[in-house]
Colleague: 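The structure that follows is given in the form of C-alpha cells.
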Amino acid sequence: MIIRKALSEDSPQIAPMLLLAMEDIVYKFIGKKDFDSAKDFLLHFVEKENNQYSYQNCFVAEEENKIIGAVNIYDGATLEKLRIPVIEYVRANFNPDFNPEDETQSGEFYIDALGIDPQHQGKGIGSKILQFLIEKYVNQKKQTLGLLVDEDNPNAKKLYVKLGFALVGKKTLVGKTLEHLQIKI
C-alpha cells in the first residue's frame, strides 16, 4: 500500500470514501438523507480546487492501483477561505440560512474526514493513514494535528488516543456535539 497526494482524477473514488466519515453532516448540509445526493454534493467539491473538500486537500491510500482509503486535511487557518464556496453552494441550492460552526481554527492542521473502502475496513489502513499524517505534519513539520470524533464512536476515539491524540475540548458542528482531539510535537 502507498499513501500519496490525491489527483483530480481520483475525485470519483475519494467522494464516497469521505462520505463514509461525514454522512450525517452532509445530510444536514443538503437537508435530506439520500446517499446518492450526498455523494454528488461531495464530488462537486472534491473535483474542484480551492475549497475545503478539494482533492488538493486529500491524500489517498492505494493498493494494486485501486484507492482503498482517503483523508481530507487542511490548515485550520484557511477554513474560512476554503469554506466560502461550500457555504455559497449550500445557501443557493439547499438552505439559504446555512451558517455552519467553525470546526477548526488557526494553530492546527485539521483532519476533516477519513474514510476507508468498506471491503478494506478492519485491516489497519486507517491507522496507517493517521501514522502517515502524524509523521508528515507533527514529526517533520512540527505542526499540531486536530480532528473531531463523535461521542457515539468510542472505537474511533480509542484508535486516536492509542496513536497519541488527546482530548482538548468539545465542538458543535451542525447541531451535534463532538470531541476535539489533537496531537502535538
Side-chain angles (χ1 to χ4, degrees), residues 6 11-48 51-55 57-61 67-74 76 79-80 82-105 108-122 125-127 129-130 133 145-161 163 165 167-182:
S11 299
Q13 294 174 279
I14 294 171
M17 284 187 216
L18 295 183
L19 186 57
L20 293 171
M22 53 190 297
E23 209 170 333
D24 290 340
I25 290 169
V26 175
Y27 291 159
K28 294 239 180 163
F29 284 10
I30 65 173
K32 60 183 170 181
K33 201 169 185 174
D34 179 70
F35 187 85
D36 288 334
S37 296
K39 184 178 66 166
D40 291 344
F41 171 87
L42 264 184
L43 180 58
H44 173 83
F45 291 105
V46 173
E47 64 189 1
K48 289 183 173 30
N51 73 79
Q52 75 187 99
Y53 305 120
S54 172
Y55 71 90
N57 301 319
C58 294
F59 288 92
V60 294
I67 293 173
I68 57 173
V71 63
N72 176 237
I73 180 172
Y74 48 86
L79 175 66
E80 190 174 320
L82 292 175
R83 186 180 261 176
I84 289 170
V86 177
I87 290 174
E88 289 175 350
Y89 186 81
V90 171
R91 286 180 180 166
N93 294 285
F94 301 103
N95 176 0
D97 300 320
F98 183 66
N99 191 26
E101 304 90 341
D102 288 346
E103 57 206 278
T104 185
Q105 67 280 326
E108 74 177 2
F109 273 79
Y110 178 63
I111 302 171
D112 195 310
L114 169 62
I116 306 301
D117 180 315
Q119 295 178 338
H120 294 275
Q121 290 177 357
I125 295 163
S127 293
I129 292 172
L130 288 166
L133 295 174
L145 274 181
L147 54 80
L148 299 180
V149 64
D150 193 327
E151 294 173 320
D152 298 332
N153 194 349
N155 289 338
K157 182 179 178 184
K158 185 176 174 182
L159 169 64
Y160 302 142
V161 169
L163 291 172
F165 286 84
L167 181 67
V168 294
K170 294 188 183 226
K171 291 200 178 253
T172 301
L173 184 61
V174 291
K176 188 168 194 147
T177 301
L178 303 164
E179 292 183 312
H180 184 200
L181 304 176
Q182 288 184 333

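Since the model is a prediction, treat every value here as computed from it, not as a measurement.
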Colleague: Return the OH to CG distance between Tyr160 and Leu130, rounded to the nearest 0.5 Å.
Modeller: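 Tyr160 OH to Leu130 CG: 6.0 Å, rounded to 0.5 Å.
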
Colleague: If you define the side chain from C-beta out and look only at heavy atoms, does anything of Lys157 sit under 4.5 Å from Val161?
Modeller: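 SC-SC contact between Lys157 and Val161 confirmed.
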
Colleague: So, for Pro16 and Pro12, which heavy atoms are closest and what is the spacing to 0.1 Å?
Modeller: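 Scanning both residues, the minimum pair turns out to be CD-O, 3.1 Å.
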
Colleague: So Glu23 and Lys39, side-chain contact (heavy atoms from CB on, under 4.5 Å) or not? Walk me through it.
Modeller: CA-CA 9 Å; Glu23 209 170 333; Lys39 184 178 66 166; over 6 Å; no

Colleague: Taking C-beta and beyond as the side chain, do Val90 and Pro96 meet within less than 4.5 Å on heavy atoms?
Modeller: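 No; the side chains remain at least 4.5 Å from each other.
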
Colleague: Just by distance, no angles: are the side chains of Tyr53 and Asp112 close enough, under 3.5 Å, to form a donor-acceptor pair?
Modeller: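 No - no donor-acceptor pair under 3.5 Å links their side chains.
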
Colleague: May I ask you to decide if Phe165's main-chain N or O and Gln182's side chain share a donor-acceptor pair within less than 3.5 Å?
Modeller: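 No, because the side chain of Gln182 does not come within donor-acceptor range (under 3.5 Å) of the backbone of Phe165.
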
Colleague: Would Arg91 and Asp97 count as a side-chain contact (heavy atoms from CB on, under 4.5 Å) here? Give the steps.
Modeller: CA-CA 6 Å; Arg91 286 180 180 166; Asp97 300 320; over 6 Å; no

Colleague: So, taking the atom named CZ in Phe98 and the one named CD1 in Ile87, what distance separates them when rounded to the nearest 0.5 Å?
Modeller: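 Atom-to-atom, Phe98:CZ and Ile87:CD1 are 6.0 Å apart.
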
Colleague: Supply the atom-to-atom distance Met17 CE to Asn72 CG, rounded to the nearest 0.5 angstrom.
Modeller: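 Rounded to the nearest 0.5 Å, the CE-CG separation comes out at 14.0 Å.
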
Colleague: Quick one: does Ile111's side chain get under 4.5 Å of Val71's, heavy atoms only?
Modeller: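 SC-SC contact between Ile111 and Val71 confirmed.
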
Colleague: Just checking, is any N or O donor in the side chain of Glu47 or Tyr55 under 3.5 Å from an acceptor N or O on the other one?
Modeller: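 Short answer, no.
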
Colleague: Which atom names give the shortest non-hydrogen contact between Ala70 and Leu18, and what distance separates them?
Modeller: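 Scanning both residues, the minimum pair turns out to be O-CD2, 3.9 Å.
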
Colleague: Could you measure the distance from the CD1 atom of Ile30 to the CD1 atom of Ile25? Nearest 0.5 Å is fine.
Modeller: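 These two atoms lie 13.0 Å from each other.
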
Colleague: Rounded to the nearest 0.5 Å, how far does CG of Asn93 lie from CZ of Phe41?
Modeller: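 Atom-to-atom, Phe41:CZ and Asn93:CG are 9.0 Å apart.
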
Colleague: I'd like to check the side-chain hydrogen bond (donor to acceptor under 3.5 Å, both in side chains) partners of Lys176; sequence neighbours left out, ordered by chain and number.
Modeller: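 Per chain and number, Lys176 pairs via side-chain hydrogen bond (donor to acceptor under 3.5 Å, both in side chains) with Asp150.
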
Colleague: Salt bridge or not between Glu179 and Lys171? Use side-chain N to carboxylate O under 4.0 Å.
Modeller: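 So Glu179 does not pair with Lys171 through a salt bridge.
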
Colleague: Side chains of Ile125 and Ile68: closer than 4.5 Å at any heavy-atom pair?
Modeller: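 Yes; the side chains approach each other to less than 4.5 Å.
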
Colleague: Between Asp117 and Gly69, is there a donor-acceptor pair closer than 3.5 Å when you use the side chain of the first and the backbone of the second?
Modeller: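 No, Asp117 side chain to Gly69 backbone: no donor-acceptor pair under 3.5 Å.
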
Colleague: For Glu101, does the CD atom sit with more than 12 other heavy atoms under 6.0 Å from it, leaving out its own atoms?
Modeller: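 Counting neighbours around CD of Glu101, more than 12 heavy atoms of other residues, nucleotides or ligands fall under 6.0 Å, so yes.
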
Colleague: Does Gln121 use its side chain to pair, donor to acceptor, with the backbone of Ile116 at less than 3.5 Å?
Modeller: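 Yes; at least one donor-acceptor contact below 3.5 Å.
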
Colleague: What are the two closest non-hydrogen atoms of Ala6 and Ile14, and how far apart are they?
Modeller: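 Shortest heavy-atom contact: CB-CD1, 3.6 Å.
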
Colleague: What's the shortest heavy-atom distance between Gly126 and Leu114, and which atoms?
Modeller: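 Smallest interatomic distance, heavy atoms only, reads O-CD2, 4.0 Å.
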
Colleague: About how many Å separate CG of Leu79 and CD of Glu108, when rounded to the nearest 0.5 Å?
Modeller: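 Here the interatomic distance stands at 10.0 Å.
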
Colleague: Does a side-chain heavy-atom distance below 4.5 Å link Leu178 with Thr172?
Modeller: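 They are not in side-chain contact.
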
Colleague: Taking side chain as C-beta onward, heavy atoms only, is Lys170 less than 4.5 Å from Glu151?
Modeller: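 A side-chain contact exists here, since the closest heavy-atom pair is under 4.5 Å.
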
Colleague: Counting only heavy atoms not in Gln105, do more than 12 fall under 6.0 Å of its CD?
Modeller: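 Result for CD/Gln105: enclosed.
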
Colleague: Within the structure provided, determine whether Asn51 and Arg83 are in side-chain contact (heavy-atom separation under 4.5 Å).
Modeller: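 With C-beta onward as the side chain, the pair stays apart.
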
Colleague: Do you know the tightest heavy-atom contact between Leu20 and Pro118?
Modeller: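 Looks like CD1-CD, 3.9 Å.
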
Colleague: Take Ser11 and Leu43 through the side-chain contact (heavy atoms from CB on, under 4.5 Å) test and state the conclusion after the steps.
Modeller: CA-CA 7 Å; Ser11 299; Leu43 180 58; 3.9 Å; yes

Colleague: Side-chain contact, heavy-atom cut-off 4.5 Å: Tyr74 with Thr104?
Modeller: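 Yes, close enough: below the 4.5 Å cut-off.
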
Colleague: Verify the ring-centre separation between Tyr89 and Phe45: is it less than 6.0 angstrom?
Modeller: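 Judged by ring-centre distance (under 6.0 Å), Phe45 and Tyr89 do meet the cut-off.
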
Colleague: Tell me, with the steps shown, if Glu103 and Leu148 meet side-chain contact (heavy atoms from CB on, under 4.5 Å).
Modeller: CA-CA 8 Å; Glu103 57 206 278; Leu148 299 180; 3.8 Å; yes

Colleague: Is a side-chain N or O of Ser54 found less than 3.5 angstrom from the main chain of Lys48, in a donor-acceptor match?
Modeller: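 Yes, because the side chain of Ser54 sits within donor-acceptor range (under 3.5 Å) of the backbone of Lys48.
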
Colleague: Looking only at non-hydrogen atoms, find the nearest pair between Val26 and Ala38 and report the distance.
Modeller: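 Closest pair (atom of Val26, atom of Ala38, distance): CG1-CB, 3.6 Å.
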
